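See below for the structure under consideration.
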Amino acid sequence: MKSMNVIKKVLFVLFTLSLCSFIFNGCGYKPTVSYAKKELTGNVYVKLFVDLKDPRNAVLIKDSMNQLLTQKLGAKLVYDEKIADVVMNLKINSVSMSVIQYDSEGYNQLYRASVNILVAYTKKAKKGITTFTVSGETDFSVGDDDSDTITDTVRYEAIKDASDDALDEVLSKIAVASFKK
């Protein structure tokens with residue numbers, strides 16, 4: 001009986017110590033940004049493949065990617081591919097506009113802009129290329145009740161919003177790619 005009490009006390013002390021150790025050491029959680037930073041260390045060069053059908057939106061995506069890399073990852077961007085440790089290639093795979101709602105008279109009322117972006121990067125220290133696609137979409141209306149035509153300005157803003165939505169996925173995809181060997 002006495003030995004049973006001693007065993008219970010020892011188990012209680014071991015459980016308490018292991019629980020305290022777990023609490024003080026943490027659960028090992030790291031945010032996605034820390035893994036992405038580790039994957040994209042050094043100088044980063046962003047190369048853009050411009051689609052001649054839509055050059056304005058392609059440049060917009062490069063600017064958004066540069067902003068993402070500098071603000072969230074603290075990456076050092078370079079403008080010469082020769083001195084880069086990481087070369088990131090961006091290309092718009094597709095841009096589409098679709099009608100998702102009509103009014104009572106059958107006119108287009110609400111649209112959805114969808115953007116699919118190909119992202120590929122290579123690291124000088126590691127041979128091989130990592131490739132993935134990200135996609136984003138946004139819903140928008142033309143604005144005028146009398147018009148069902150998408151103007152260039154409205155189209156540009158919709159593609160910009162959909163591109164920003166797509167680029168939000170980039171950090172998580174880079175973090176996941178850092179685990180693949």
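No experiment lies behind these values; they were computed from the predicted model shown.
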Using the salt bridge (Lys or Arg N to Asp or Glu O under 4.0 Å) criterion, which residues pair with [X]? Sequence neighbours excluded.
X	result
Lys160	Asp164
Asp168	none
Lys38	none

Taking the side chain as every heavy atom from C-beta outward, state whether [X] and [Y] have any pair of such atoms under 4.5 Å apart.
X	Y	answer
Thr138	Asp165	no
Ser64	Leu68	no
Lys123	Glu39	yes

Flag if over 12 foreign heavy atoms under 6.0 Å of NZ, Lys72: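 No, NZ of Lys72 has 12 or fewer neighbouring heavy atoms, counting only those of other groups under 6.0 Å.
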For Val176, all residues meeting side chain to side chain contact (heavy atoms under 4.5 Å, CB included), sequence neighbours excluded: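 Per chain and number, Val176 pairs via side chain to side chain contact (heavy atoms under 4.5 Å, CB included) with Lys180.
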Side chain to side chain contact (heavy atoms under 4.5 Å, CB included) involving Thr131 - partner list, sequence neighbours excluded: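 Leu118, Ala120, Ile129.
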Residue pairs involving residues 117-140 (criterion ring pair (Phe, Tyr, Trp, His ring centres under 6.0 Å); sequence neighbours excluded):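 Pairs touching residues 117-140 that pass the test: Tyr111-Phe140.
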Between [X] and [Y], what is the shortest heavy-atom contact and its length?
X	Y	answer
Ile117	Val115	CG1-CG1, 3.7 Å
Ala175	Thr32	CB-CG2, 3.4 Å
Gly136	Ala166	N-CB, 3.5 Å

Cluster check Tyr45, Val119: I/L/V/M/F/W/Y, side chain < 4.5 angstrom: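 In one cluster: no.
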Residues forming a side chain to side chain donor-acceptor pair (under 3.5 Å) with Ser114, sequence neighbours excluded: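 Applying side chain to side chain donor-acceptor pair (under 3.5 Å) to Ser114 gives none.
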Those residues that, when tested against Asn66, pass side chain to side chain donor-acceptor pair (under 3.5 Å) (two or more places apart):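 Partners of Asn66 by the side chain to side chain donor-acceptor pair (under 3.5 Å) criterion come out as none, since no residue qualifies.
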Contact list for residues 4-17, test salt bridge (Lys or Arg N to Asp or Glu O under 4.0 Å), sequence neighbours left out: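 The answer is none; no pair qualifies.
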Sequence neighbours excluded - salt bridge (Lys or Arg N to Asp or Glu O under 4.0 Å) pairs with any residue from residues 106-115: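 Residue pairs with at least one partner in residues 106-115: Arg112-Glu137, Arg112-Asp139.
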Separation of Ser163 OG from Ile61 CD1 (nearest 0.5 Å):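 One gets 3.5 Å once the value is rounded to the nearest 0.5 Å.
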Rounded distance (nearest 0.5 Å) linking atom CD of Glu169 with atom NZ of Lys173: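 Taking CD in Glu169 and NZ in Lys173, the distance rounds to 5.5 Å.
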Distance-only check: which donor-acceptor pairs under 3.5 Å involve side-chain atoms of residues 73-97, not counting sequence neighbours?
residue, atom, partner, partner atom, Å
Asp80, OD1, Lys82, N, 3.4
Glu81, OE1, Lys47, NZ, 3.4
Asp85, OD2, Asn43, N, 2.9

ILVMFWY clustering at 4.5 Å (side-chain atoms), partners of Phe49: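 Taking Ile, Leu, Val, Met, Phe, Trp and Tyr as members, Phe49 stands alone, with no cluster partners.
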